[in-house]
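First comes the structure, then the notes that go with it.
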Amino acid sequence: MKTVGIIANTSKSGVGAAAAHALEWTSVHDLALVADESFREFAPPAVTCLTGTQLIETAELIFAFGGDGTLLTAAKRVAIAGRETPIIGVNMGSLGFLTQIAEDEFVDVLKRLNPDRLPISSRMMLSVEIAGKGEKVPALNDVVIARGGDSRMLSFEARVDGEIVTRYAADGLILSTPTGSTAHSVSAGGPVVVPDLNAMIATPICPHSLSMRPLVIPPSAVIEVEMLSCDDETIVAADGHRVFRVSVGETVVVRRAAIDAHLVEIAERSYYEILRIKMRWAGGVRER
């Protein structure tokens, strides 16, 4: 490893100080530190600022300073470039599901971080496209098909590996990874799935029938969602960003992406502890 990059949410306070700590760590390990050009006014003088494309092509490790959204953005950019660059998420607020290192823990984490032995967790990603249109977009958390401004429900047929599962009447459909199971999916009644597993979770949004339940699907499957009835503003979003509009007769195709996201996990807390904190689970748990 020769070069480490920074992608940051510059609206968060403390990103400049975090970059200074990262620079000290890279200097100790004889590594170069580069940052996205949007970070120019916060970067220490020794940090080179590059265009987004240059940074992704150059960095062999990425610090994502911000929140879970910043890490999702970094993962998407890495996947689009066809790379498998490890990402370290540092939450510049309190604590996140993905950015598991809190701002006040960062210095202590760096003391234990060896660039030659990174503890990496591979997370499956999704790839979404509109059938016949070619463009594919990656997502680490989820793909959401949702109605626009019209108050009418959507009607769509879901197929798995060519076999019809059901026809939905609902406000939409969430297709998530285990990593994204604690995002929009869980809010719509979906299960929490431990991110070490590989699976896709289909969770309907406000289905017309109470018998419509979330479905866990093998990661090798190809999911097709054909729109039978929808308004002109119906969208497909990947990790919270609108990527397509979809019309009646079009089919949204979701499958496992060719490349996984690689997250460096050296947090002070385990996934289950973060789950208890973020979900505010009770039950009289005695912390060790």
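One is the number of the first residue; the rest follow in order along the sequence.
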| field | Heavy-atom closest contact (Ala75 atom, Leu140 atom, distance) | value | CB-CD2, 4.0 Å
| message | With heavy-atom distances below 4.5 Å as the criterion, would you say the side chains of Leu98 and Asn141 are in contact? | response | yes
| said: Would Ser185 and Thr203 count as a side-chain hydrogen bond (donor to acceptor under 3.5 Å, both in side chains) here? Give the steps. | reply: CA-CA 6 Å; Ser185 178; Thr203 306; 2.9 Å; yes
| Mind checking whether Val160 and Val222 have side chains closer than 4.5 Å, heavy atoms only? | no
| task | State, to 0.1 Å, how close Asp142 and Val144 come at their nearest heavy-atom pair, and which atoms those are. | result | OD1-CG2, 3.9 Å
| field | Nearest heavy-atom neighbours spanning Ile259 and Arg83 | value | CG2-O, 3.5 Å
| request: Keeping the roles fixed (side chain from Ser181, backbone from Val193), state whether a donor-acceptor pair exists under 3.5 Å. | output: yes
| Counting distance only, does the side-chain N/O of Glu37 pair as donor-acceptor with the main-chain N or O of Cys49 below 3.5 Å? | no
| Do the non-hydrogen side-chain atoms of Cys230 and Phe156 ever get within less than 4.5 Å of each other? | no
| query | What about Leu110 and Val90, same hydrophobic cluster or not, with Ile/Leu/Val/Met/Phe/Trp/Tyr joined at side-chain heavy-atom distances under 4.5 Å? | reply | yes
| said: For Asp232, I'd like to know if atom CG has over 12 heavy atoms of other residues, nucleotides or ligands within 6.0 Å. | reply: no
| Leu23 backbone acceptor or donor facing Thr26 side chain under 3.5 Å | yes
| task | Can you measure from CZ (Arg255) to CE (Met125) and round to the nearest 0.5 angstrom? | result | 15.0 Å
| said: So, taking the atom named CD in Gln54 and the one named OG1 in Thr48, what distance separates them when rounded to the nearest 0.5 Å? | reply: 10.5 Å
| task | Take Ser122 and Asp260, measure what side-chain hydrogen bond (donor to acceptor under 3.5 Å, both in side chains) needs, and give me the verdict at the end. | result | CA-CA 6 Å; Ser122 294; Asp260 290 347; 4.8 Å; no
| field | side-chain hydrogen bond (donor to acceptor under 3.5 Å, both in side chains) between Arg123 and Thr179, intermediate numbers included | value | CA-CA 7 Å; Arg123 305 287 186 92; Thr179 298; 3.1 Å; yes
| message | Side chains of Met153 and Arg147, heavy atoms from C-beta outward: is any pair under 4.5 Å? | response | no
| request: Flag the pair Val236 / Val143 as yes when at least one side-chain heavy-atom distance between them is below 4.5 Å, and no otherwise. | output: yes
| field | Polar side-chain atom of Glu129 near backbone of Glu135 as donor-acceptor pair, under 3.5 Å | value | no
| task | Establish whether Leu31 and Ile88 are linked, either directly or via other cluster members, by ILVMFWY side-chain heavy-atom contacts under 4.5 Å. | result | yes
| task | Please answer: with hydrophobic residues joined when any side-chain heavy atoms are less than 4.5 Å apart, are Ile223 and Met227 in the same cluster? | result | yes
| request: Starting at CD1 of Ile101, measure out to CZ of Phe63 and round the result to the nearest 0.5 Å. | output: 8.0 Å
| query | Are Val186 and Ile274 linked, directly or through other ILVMFWY residues, by side chains that come within less than 4.5 angstrom of each other? | reply | yes
| message | Show, in sequence, the C-alpha distance, side-chain angles and deciding distance for Leu173 and Ile205, and conclude whether the side chain to side chain contact (heavy atoms under 4.5 Å, CB included) test is met. | response | CA-CA 6 Å; Leu173 183 67; Ile205 304 171; 5.9 Å; no
| Minimum-distance pair of heavy atoms, taken over all atoms of Ser127 and Lys136 | OG-CB, 3.7 Å
| field | CA sep, side-chain torsions, deciding dist, call: Val254, Val225, side chain to side chain contact (heavy atoms under 4.5 Å, CB included) | value | CA-CA 8 Å; Val254 177; Val225 181; over 6 Å; no
| Given side chains that start at C-beta, do those of Val253 and Glu226 come closer than 4.5 Å, heavy atoms only? | no
| Quick one: are the ring centres of Trp25 and His29 less than 6.0 Å apart? | yes
| said: Can you confirm if the aromatic rings of Phe39 and Phe65 lie within a centre distance of less than 6.0 Å? | reply: no
| message | Within the structure provided, determine whether Ile120 and Leu263 are in side-chain contact (heavy-atom separation under 4.5 Å). | response | no
| task | Could you please spell out the steps behind the side-chain hydrogen bond (donor to acceptor under 3.5 Å, both in side chains) verdict for Thr53 and Thr51? | result | CA-CA 5 Å; Thr53 300; Thr51 66; 5.0 Å; no
| Rounded to the nearest 0.5 Å, how far apart are OG1 of Thr85 and CD1 of Ile56? | 6.5 Å
| field | Nearest-0.5 Å distance, CZ of residue Arg152 to CG of residue Asp231 | value | 6.0 Å
| request: Of all the heavy-atom pairs spanning Leu118 and Met1, show the shortest one and how long it is. | output: CD1-CE, 3.9 Å
| query | Which heavy-atom pair separates Ile201 from Pro178 by the least distance, and what is that distance? | reply | CD1-N, 3.9 Å
| Side-chain contact, heavy-atom cut-off 4.5 Å: Arg256 with Asn198? | yes
| Yes or no on side chain to side chain contact (heavy atoms under 4.5 Å, CB included) for Val15 and Met92, after CA distance, side-chain angles and deciding distance? | CA-CA 7 Å; Val15 292; Met92 307 307 294; 4.1 Å; yes
Listing, residues 243-252 side-chain donor-acceptor contacts under 3.5 Å, not counting sequence neighbours, or none:
residue, atom, partner, partner atom, Å
Arg245, NH2, Glu233, OE1, 3.2
Glu250, OE1, Ser247, N, 2.9
Glu250, OE2, Lys133, NZ, 2.8

| Backbone of Leu210 reached by a side-chain donor or acceptor of Arg213 within 3.5 Å | yes
| field | Verdict with supporting geometry, Ile87 and Leu71, side chain to side chain contact (heavy atoms under 4.5 Å, CB included) | value | CA-CA 8 Å; Ile87 303 169; Leu71 191 147; 4.1 Å; yes
| message | With a 4.5 Å cut-off on side-chain heavy-atom distances among I, L, V, M, F, W and Y, is there a chain of contacts connecting Val194 to Val216? | response | no
| Under 6.0 Å from the NE2 atom of His184, do we count more than 12 heavy atoms belonging to anything else shown? | no
| How long is the gap from CG on Asp239 to OG1 on Thr73, to the nearest 0.5 Å? | 8.0 Å
